[in-house]
Amino acid sequence: MKDLFSIGELAKLQNISRQTLIFYDKIGLFCPAYIDPENGYRYYSINQLDNLDAICIMKRIGFSLNEIKENMKSFTSDRSIVALRKQLSSINQQIEELELIKSRVEHRLNQIERSMDIFDRGDQVLVDDVDSQFILIQDVPAPYTLEMVSIVTKECFVRAAKEHLPIFFQSGVIVPYQNILQGIYTEASHAFLSIEKSDHIDGVIELPQGRCVYTYHTGDYLSIGTSYQRILDYCQTHHLTIISNSYEFAMNDYLSTANENEYITKIMFYIQDEH
């Protein structure tokens with residue numbers, strides 16, 4: 001028909017699918033100028049092309065179809081200014097969130113790459129001065145099974161996602177020192193996630209600057225007792241007194257591998273020299 005485009009012609013011209021135009025018609029966002037009563041074919045006028053351009057651009061910059069539909073009801077400069085300012089604010093927020101995610105992904109990648117070197121270190125025990133760091137902790141309920149630790153860890157991740165907390169993608173547990181002395185290596189009192197320093201967040205504690213002894217356990221978690229015994233023997237030989245519970249940091253775990261032989265756990269205690 002003269003000065004009318006079929007749905008196929010318009011789809012090709014605008015580089016969108018026929019199904020998209022049919023859906024826009026169905027929701028009342030962009031309806032054809034004419035529908036052939038005999039065959040139901042949709043036709044669009046040349047005057048409608050500008051509106052479709054506006055719809056496609058608004059969709060591309062992040063407006064929802066409902067927002068676009070509402071804007072198009074009264075499509076004025078003033079209304080566009082309000083809508084675009086609101087969208088710009090939303091985009092800036094998304095950029096901040098993506099920058100945070102980017103930094104976490106970089107941190108996780110660097111951590112995994114560094115952890116691969118640990119397999120070449122053998123059974124080393126190291127002593128070092130560590131910087132302060134922050135963890136988001138949650139109690140593990142009795143009977144302190146590995147299943148309960150897993151559930152609590154997942155609850156921490158869920159809370160962090162809901163509250164947009166600045167966590168790193170690293171989990172860990174706190175095992176009471178008295179448990180270690182009794183040979184109870186896998187009954188953690190708390191699960192935690194590493195997190196940036198943040199004020200007014202319940203459950204965030206600071207691990208202070210201090211002198212620490214640590215070692216790395218490689219392989220499945222149930223065999224971690226051998227690594228604990230290694231670190232206890234080292235402290236006894238070198239006259240070091242352990243003054244904290246154990247902090248276990250998952251360096252390489254189920255978040256990055258399905259092979260338990262590749263698991264790496266950093267075991268860390270705060271210490272002081274015996275006098």
Side-chain angles (χ1 to χ4, degrees), residues 1-110 134 136 154-169 193-202 204 255:
M1 296 182 182
K2 187 178 180 180
D3 296 328
L4 291 179
F5 297 90
S6 70
I7 191 170
E9 291 171 333
L10 185 60
K12 184 177 180 180
L13 181 65
Q14 196 66 42
N15 195 30
I16 58 178
S17 69
R18 290 164 49 94
Q19 289 73 20
T20 296
L21 290 170
I22 291 172
F23 181 69
Y24 286 176
D25 181 18
K26 183 178 179 180
I27 65 174
L29 175 59
F30 184 72
C31 303
Y34 173 74
I35 299 179
D36 192 315
E38 294 185 3
N39 54 30
Y41 288 174
R42 294 170 169 85
Y43 293 93
Y44 301 83
S45 72
I46 194 169
N47 295 329
Q48 291 182 281
L49 298 185
D50 289 345
N51 279 351
L52 186 56
D53 278 340
I55 290 170
C56 291
I57 290 172
M58 282 190 284
K59 187 172 184 294
R60 184 175 181 182
I61 62 178
F63 286 102
S64 70
L65 292 180
N66 284 337
E67 289 172 330
I68 296 172
K69 184 177 178 181
E70 191 63 28
N71 288 338
M72 297 301 288
K73 288 179 180 178
S74 177
F75 198 44
T76 65
S77 296
D78 287 343
R79 189 178 184 90
S80 291
I81 289 172
V82 172
L84 289 172
R85 286 195 183 281
K86 180 180 178 182
Q87 188 63 13
L88 185 59
S89 176
S90 175
I91 290 170
N92 285 331
Q93 182 178 348
Q94 292 175 47
I95 289 173
E96 290 180 6
E97 292 174 355
L98 286 173
E99 287 290 346
L100 179 62
I101 293 172
K102 177 186 175 185
S103 71
R104 298 306 186 254
V105 171
E106 289 175 340
H107 177 271
R108 182 66 180 176
L109 175 61
N110 292 335
F134 295 83
L136 173 69
K154 288 172 175 55
E155 289 174 348
C156 286
F157 276 117
V158 169
R159 179 194 168 190
K162 286 183 177 179
E163 299 180 19
H164 304 286
L165 303 182
I167 63 165
F168 295 92
F169 301 140
L193 302 179
S194 296
I195 190 172
E196 283 186 356
K197 180 180 179 181
S198 301
D199 297 328
H200 312 302
I201 297 179
D202 292 337
V204 173
L255 294 177

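For the atom pair Glu196 CD and Ser103 OG, the distance stands at 6.5 Å (nearest 0.5 Å). If you take CD on Glu106 and CD1 on Ile101, they are separated by 12.5 Å, rounding to the nearest 0.5 Å. Distance OG/Ser64 to NZ/Lys59: 10.5 Å, rounded to 0.5 Å. Atom CZ of residue Phe134 and atom CG of residue Leu193 lie 15.5 Å apart, to the nearest 0.5 angstrom. For the atom pair OG (Ser45) and CG (Asn51), the distance works out to 9.0 Å, reported to the nearest 0.5 Å.
For the side chain to side chain contact (heavy atoms under 4.5 Å, CB included) criterion with Leu52, the lone passing option out of Leu21, Ile57, Leu29 is Leu21.
In this structure, a donor-acceptor pair under 3.5 Å is present between the side chains of Gln94 and Ser90. Ser17 and Thr20 share a donor-acceptor pair across their side chains, judged by distance under 3.5 Å alone.
When all heavy atoms of Cys31 and Gly28 are compared, the closest pair comes out as SG-CA, 3.9 Å. Counting all heavy atoms, side chain and backbone alike, Leu136 lies closest to Ile201 at CD1-CG2, 4.4 Å. Closest non-hydrogen pair, Met58 versus Asn71, comes out as SD-ND2, 4.1 Å. In this structure, Leu13 and Phe5 approach most closely via the heavy-atom pair CD2-CE2, 4.4 Å. For Tyr43 against Pro32, the heavy-atom pair with the smallest separation is O-CB, 3.3 Å.
Looking at heavy atoms from C-beta onward, Arg108 lies out of side-chain contact with Phe168 at the 4.5 angstrom threshold. Between Val204 and Leu165, every side-chain heavy-atom pair lies at or beyond the 4.5 Å cut-off. Proximity of Asn66 to Ile27: side-chain heavy atoms (C-beta onward) are nowhere separated by under 4.5 Å. Looking at heavy atoms from C-beta onward, Leu4 lies out of side-chain contact with Glu9 at the 4.5 angstrom threshold. Residues Thr76 and Arg79 meet the side-chain proximity criterion, which asks for heavy atoms closer than 4.5 Å. Residues Asn92 and Ile95 are in side-chain contact: their nearest non-hydrogen atoms beyond the backbone lie under 4.5 Å apart. With contacts defined as side-chain heavy-atom distances shorter than 4.5 Å, the pair Phe30/Asp25 does not qualify. Side chains of Leu10 and Ile16 form no contact here, defined as non-hydrogen atoms less than 4.5 Å apart.
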Inset, instruction - Mind running side chain to side chain contact (heavy atoms under 4.5 Å, CB included) on Ile22 and Arg42 for me, showing each step along the way? - result: CA-CA 9 Å; Ile22 291 172; Arg42 294 170 169 85; 4.0 Å; yes
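Surrounding CD1 of Ile46 are at most 12 heavy atoms belonging to other residues, nucleotides or ligands under 6.0 Å away.
Judged by distance alone, the side chain of Glu70 and the main-chain N or O of Glu67 form no donor-acceptor pair under 3.5 Å. Judged by distance alone, with hydrogens and angles left aside, the side-chain atoms of Glu96 form no donor-acceptor pair with the main-chain N or O of Gln93 at under 3.5 Å. The main-chain N or O of Phe157 is never found under 3.5 Å from a side-chain atom of Lys162 such that the two would form a donor-acceptor pair. For the pair Gln14 (side chain) and Ala11 (backbone), a donor-acceptor distance under 3.5 Å is absent.
Taking the centre and axis of the six-membered ring of Phe169, the NZ or CZ atom of Arg104 falls outside the cone set by 45° and 6.0 Å.
Outside the 6.0 Å centre-distance limit, the rings of Tyr34 and Tyr41 are not counted as a close aromatic pair.
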